[in-house]
Every structure is written in structure tokens, then in C-alpha cells.
Amino acid sequence: MSGFLPAFRHLETGEIRLCRQEDGGLSRGHLLDSLPDHWILERDARGRPTILVTAVEPGFLRGIEFWNLENLTHPVLDG
């Protein structure tokens with residue numbers, strides 16, 4: 001896969017995590033299951049993440065650049 005890859009970024013540390021499927025492959029959508037435990041605020045009865053800490057934001061990774069949802073709706077064009 002290439003282009004915009006679903007990811008999450010921790011605003012306090014700057015750490016970015018790509019979304020991954022159960023088998024470790026890249027996901028085409030935003031999944032919470034592969035995120036670190038300290039990014040998770042709540043889990044359901046089966047132990048699956050349901051709510052993230054407020055310092056984590058969704059977005060997409062394109063190359064080495066993270067695009068949050070605001071960047072996507074109002075992109076800065078370089079040309």
C-alpha cells in the first residue's frame with residue numbers, strides 16, 4: 001500500500017503508529033487494536049480498545065509526514 005496510510009499520533013510525544021490488522025499487516029482503515037496500552041483509555045468487555053486518551057489523534061501517514069484531519073480538509077499546497 002502507498003499514499004495516505006491510516007495512523008494515529010500521540011500529541012505529547014510525537015510518536016506515530018500505523019494502523020495494523022491482527023496479522024500485523026497494514027490496515028486500510030483506522031483500527032485501535034494495535035495501539036500501545038498507554039494510548040488506550042477504555043476497553044470493552046472483550047478487551048478491545050474503545051476510547052483513546054485525549055493526547056492521541058487520528059490521521060494519515062504519507063511518506064514521513066503525518067496529516068491530521070484538519071490538514072486533509074485544508075491542505076497547504078506547495079506550488
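The first residue in the sequence is number 1, and the count goes up from there.
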[X] to [Y] - nearest heavy-atom pair and separation:
{"X": "G29", "Y": "C19", "answer": "O-CB, 3.5 Å"}
{"X": "W39", "Y": "R17", "answer": "CH2-CG, 3.6 Å"}
{"X": "L72", "Y": "W67", "answer": "CD2-CE3, 3.7 Å"}

So, using side chain to side chain contact (heavy atoms under 4.5 Å, CB included) as the criterion, who are the partners of R48 when residues are at least two apart? D33, D44, R46
State the [atom1]-[atom2] distance between [X] and [Y], to the nearest 0.5 angstrom.
{"X": "R9", "Y": "L11", "atom1": "CZ", "atom2": "CG", "answer": "6.0 Å"}
{"X": "L52", "Y": "H10", "atom1": "CG", "atom2": "NE2", "answer": "9.5 Å"}
{"X": "R28", "Y": "L5", "atom1": "CZ", "atom2": "CG", "answer": "9.5 Å"}
{"X": "R43", "Y": "T50", "atom1": "CZ", "atom2": "OG1", "answer": "8.5 Å"}
{"X": "S27", "Y": "Q21", "atom1": "OG", "atom2": "CD", "answer": "5.5 Å"}

Is it true that a side-chain atom of H30 and a backbone atom of F60 form a donor plus acceptor pair closer than 3.5 Å? no
Would you confirm whether E42, through its side chain, and I51, through its main-chain N or O, come within 3.5 Å as a donor-acceptor pair? no
For residues L35 and V53: do they belong to one hydrophobic cluster (side chain heavy atoms under 4.5 Å, members Ile, Leu, Val, Met, Phe, Trp, Tyr)? yes
Which of L32, L18, I16 passes side chain to side chain contact (heavy atoms under 4.5 Å, CB included) with F8? Answer is L32
Just so I know, are the side chains of L69 and P58 near enough to count as touching, which here means a heavy-atom distance under 4.5 Å? yes
